[in-house]
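All residue numbers refer to positions in the sequence shown, counting from 1.
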Amino acid sequence: MIKKLYYNSRNAEINDVGSRIMLGYKQSDLQEDSYLSDIMGLIETSHAKLTSAIGRGKVKSDLQEKDKQRDDRLRSLHYLLLGNSHHPNATIKAAADKVLAVFDHYGMSLIQESYSTESSYIRSMLEDLNNPVLNQSIALLSGCAELIGMVKLAQDEFENARIEHDSRKVVVRETEIKRELMTLINGKLVVYLRAMEEVNTKKYRPFANLVAIIIDENNEMIKKRKGKSRLVVDLPGGD
């Protein structure tokens with residue numbers, strides 16, 4: 001008998017189960033079963049939503065990494081300016097003081113602001129630092145122009161990641177979509193295949209066996225990961 005998926009399964013694991021089941025269905029000879037076709041259509045739709053939601057999670061992680069990178073570039077620029085403001089050479093010290101004054105107008109505290117506010121401040125700072133009056137001072141500070149360029153590049157990369165993140169937003173949360181997909185598999189597909197395997201064994205057993213193998217492999221992986229902890233089967237329908 002086909003078992004049901006453990007709810008302890010991770011989102012990506014359920015997504016993989018859905019992919020394998022859909023592939024198996026497409027390679028079966030059961031497309032003429034309209035009821036099963038409807039079930040698989042619902043599974044395909046839910047699987048597509050989960051795939052998108054998982055992708056959005058990765059994009060969010062990438063966005064956080066891009067934010068960290070621009071913060072690190074800002075720190076490097078700040079340390080360079082701060083160090084040169086104590087330089088024994090009076091000319092270099094004066095140049096550093098001029099550039100540092102512009103930087104300090106915004107301050108390192110800007111990295112604690114929201115994404116939008118921080119972006120606004122960084123763009124404004126870069127515009128101020130691009131003032132021709134400061135060009136000579138920046139040129140006197142070894143590595144300063146390069147670091148300013150790195151801040152600009154990091155900001156550009158963050159904004160590109162932000163656009164991708166915003167374009168991937170979904171209303172329903174990833175875990176809710178996972179539950180939806182699991183309910184379709186456990187509460188509809190498994191229940192239907194159990195019944196139809198009894199009605200027409202020869203026709204339905206190959207696909208039913210494939211689904212059973214896919215689910216068993218997933219559940220066994222969960223057992224190994226969870227050890228003796230409680231394993232949850234997503235309802236409806238019991239075990």
What's the shortest heavy-atom distance between A96 and S85, and which atoms?
-> CB-N, 3.5 Å
Carboxylate-amine/guanidinium proximity below 4.0 Å for R75 and D72 | yes
Partner of E217 under salt bridge (charged side-chain N to carboxylate O under 4.0 Å, His left out), chosen from K224, K223, R20 | R20
At their closest point, which heavy atom of C144 faces which heavy atom of V99, and how far apart are they?
-> SG-CG1, 4.5 Å
Do D33 and Y192 meet the criterion of a side-chain donor-acceptor pair at a distance under 3.5 Å?
-> yes
Would a 4.5 Å heavy-atom cut-off, applied to side chains only, mark Q31 and Y25 as touching?
-> yes
Does CD belonging to E32 count more than 12 external heavy atoms closer than 6.0 Å?
-> yes
Determine whether I177 and N11 make a side-chain contact, defined as any pair of heavy atoms from C-beta on separated by less than 4.5 Å.
-> no
Any chance NZ of K203 has more than 12 other-residue heavy atoms, nucleotides or ligands included, within less than 6.0 Å?
-> yes
L110 to Y121 - nearest heavy-atom pair and separation | CB-CD1, 3.9 Å
Distance only, no hydrogens: is a donor on one side chain within 3.5 Å (strictly under) of an acceptor on the other, for T117 and S114?
-> yes
For residues N218 and S9, is any side-chain donor paired with an opposing acceptor at under 3.5 Å?
-> yes
Any side-chain heavy-atom pair from I222 and R10 closer than 4.5 angstrom?
-> no
Short side-chain donor-acceptor distance under 3.5 Å, R70 and S119 = yes
Output all residues satisfying side-chain contact (heavy atoms from CB on, under 4.5 Å) with A212, sequence neighbours left out; order by chain, then residue number.
-> I2
Below 4.5 Å, heavy atoms only, C-beta onward: do I138 and I148 meet side chain to side chain?
-> yes
Y106 and D128 side chains, donor-acceptor separation under 3.5 Å | yes
Ionic contact status for E13 with R225, cut-off 4.0 Å | yes
NZ or CZ of R179 within 45° of Y7 ring axis and under 6.0 Å = yes
Cationic N near anionic O, under 4.0 Å, D62 to K66 | no
Can you name the closest pair of heavy atoms from K4 and V190 and give their distance?
-> CG-CG1, 4.2 Å
Tightest non-hydrogen contact, residues K93 and H87, listed as CB-O, 3.7 Å
